[in-house]
Amino acid sequence: QVQLVESGGGSVQAGGSLRLSCAASGRTYNLYTRAWFRQAPGKEREFVARMYWPAVNTAYADSAKGRFTISRNAANNMVYLQMNSLEPEDTAVYYCAAVSRYRGRGVGDYDYWGQGTQVTVSS
């Protein structure tokens, strides 16, 4: 029904920046919430940021506030995560998620997931 594909991960030094992209295809017309999560080795998957669609209301985890920005390109159904001032603690697999309702920060709130993209930040 819905396919999500992330891109843009990589390796950077602390203080650097990366921009992640999430492309949505399939039945995307009612994906009202788009989000980013991440999962570090040995840890549970955690919320990073979410955006309501089309209202563009956003929310961030405390760890992401002031450093990360979620944005979109409605014309091509893309969602982005601009990550600045990266820290080694940001090292994780980052996942794009979506759901056809207005939802919040829980992993269980989302129906569709991408395969993830690795972000590695070295000190």
Side-chain angles (χ1 to χ4, degrees):
Q1 289 184 333
V2 174
Q3 295 79 42
L4 303 176
V5 178
E6 302 96 336
S7 61
S11 298
V12 295
Q13 290 190 328
S17 298
L18 282 174
R19 187 194 195 205
L20 306 183
S21 300
C22 175
S25 60
R27 298 181 63 181
T28 63
Y29 62 92
N30 62 344
L31 294 179
Y32 295 128
T33 308
R34 304 280 293 272
W36 289 95
F37 287 76
R38 68 186 183 185
Q39 188 165 17
K43 295 187 177 181
E44 294 185 349
R45 192 170 299 188
E46 64 177 9
F47 170 79
V48 176
R50 68 109 179 102
M51 170 180 284
Y52 288 155
W53 200 296
V56 200
N57 176 280
T58 59
Y60 295 89
D62 288 343
S63 60
K65 286 180 182 176
R67 300 188 301 128
F68 295 3
T69 302
I70 187 170
S71 64
R72 70 172 188 177
N73 183 330
N76 60 12
N77 247 323
M78 296 288 292
V79 171
Y80 306 97
L81 185 69
Q82 177 67 43
M83 304 186 295
N84 299 326
S85 302
L86 283 163
E87 304 167 350
E89 293 73 23
D90 296 316
T91 295
V93 176
Y94 282 71
Y95 295 91
C96 176
V99 64
S100 55
R101 296 176 296 278
Y102 292 110
R103 285 293 182 267
R105 304 174 181 231
V107 171
D109 289 344
Y110 292 83
D111 294 330
Y112 306 107
W113 294 86
Q115 82 288 351
T117 185
Q118 176 70 46
V119 171
T120 302
V121 184
S122 58
S123 58

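Predicted model only: the values in this text are computed from it and were never measured. Along the sequence shown, residues are numbered consecutively beginning with 1.
- Note on residues 51-80: pairs passing salt bridge (charged side-chain N to carboxylate O under 4.0 Å, His left out), not counting sequence neighbours, are Asp62-Lys65, Arg67-Asp90.
- Cluster note: Val2 groups with Leu4, Leu31, Tyr112 through ILVMFWY side-chain heavy atoms spaced under 4.5 Å, whether in direct contact or through intervening members.
- Listed by first and then second residue, the salt bridge (charged side-chain N to carboxylate O under 4.0 Å, His left out) pairs involving residues 6-30 amount to none (not counting sequence neighbours).
- Listed by first and then second residue, the salt bridge (charged side-chain N to carboxylate O under 4.0 Å, His left out) pairs involving residues 42-51 are Arg38-Glu46 (not counting sequence neighbours).
- By the 4.5 Å heavy-atom criterion applied to side chains, Asn77 and Trp53 are counted as neighbours.
- Taken to the nearest 0.5 Å, the OG atom of Ser11 stands 8.5 Å off from the CG atom of Leu18.
- Connectivity analysis of hydrophobic side chains (ILVMFWY, heavy atoms under 4.5 Å, direct or indirect) links Phe47 to Phe37, Val93, Tyr95, Val99, Val107, Tyr110, Trp113.
- Closest approach of Asn84 to Ser17, counting heavy atoms only: OD1-OG, 2.9 Å.
- Annotation: disulfide bond (SG atoms under 2.5 Å apart) contacts involving residues 38-78, sequence neighbours excluded, are absent.
- Partners of Glu89 according to the salt bridge (Lys or Arg N to Asp or Glu O under 4.0 Å) rule, which considers only residues two or more places apart in sequence or in another chain, do not exist here.
- To the nearest 0.5 Å, atoms CD (Gln82) and CG (Leu20) are separated by 8.5 Å.
- Residues Ser122 and Pro88 come closest through the heavy atom pair C-CG, 4.4 Å.
- Using modelled atom types, one side-chain atom of Thr33 and one backbone atom of Arg103 make a donor-acceptor pair closer than 3.5 Å.
- The hydrophobic cluster of Tyr29 has no other members, since no ILVMFWY side-chain heavy atom comes under 4.5 Å of it.
- Between the side chain of Tyr52 and the backbone N or O of Arg34 there is no donor-acceptor pair closer than 3.5 Å.
- Residues passing the side-chain hydrogen bond (donor to acceptor under 3.5 Å, both in side chains) test with Thr120, sequence neighbours excluded: Gln118.
- The stretch residues 11-102 participates, sequence neighbours left out, in these disulfide bond (SG atoms under 2.5 Å apart) pairs: Cys22-Cys96.
- Each disulfide bond (SG atoms under 2.5 Å apart) pair with one or both residues in residues 26-90, not counting sequence neighbours, would appear here, but there are none.
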| task | List the steps and the verdict of side chain to side chain contact (heavy atoms under 4.5 Å, CB included) for Tyr80 and Thr69. | result | CA-CA 8 Å; Tyr80 306 97; Thr69 302; over 6 Å; no
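- Atom OH in Tyr94 sits 7.5 Å away from atom CG in Leu81 (nearest 0.5 Å).
- A distance of 11.5 Å separates OG of Ser123 from CD of Glu87, quoted to the nearest 0.5 Å.
- Judged purely by atom type and a 3.5 angstrom limit, Thr91 uses its side chain to pair as donor or acceptor with the backbone of Val121.
- Nearest heavy atoms, Met78 versus Ser21: CE-CB, 3.7 Å.
- Under the salt bridge (Lys or Arg N to Asp or Glu O under 4.0 Å) criterion, Asp111 pairs with Arg101, sequence neighbours left out.
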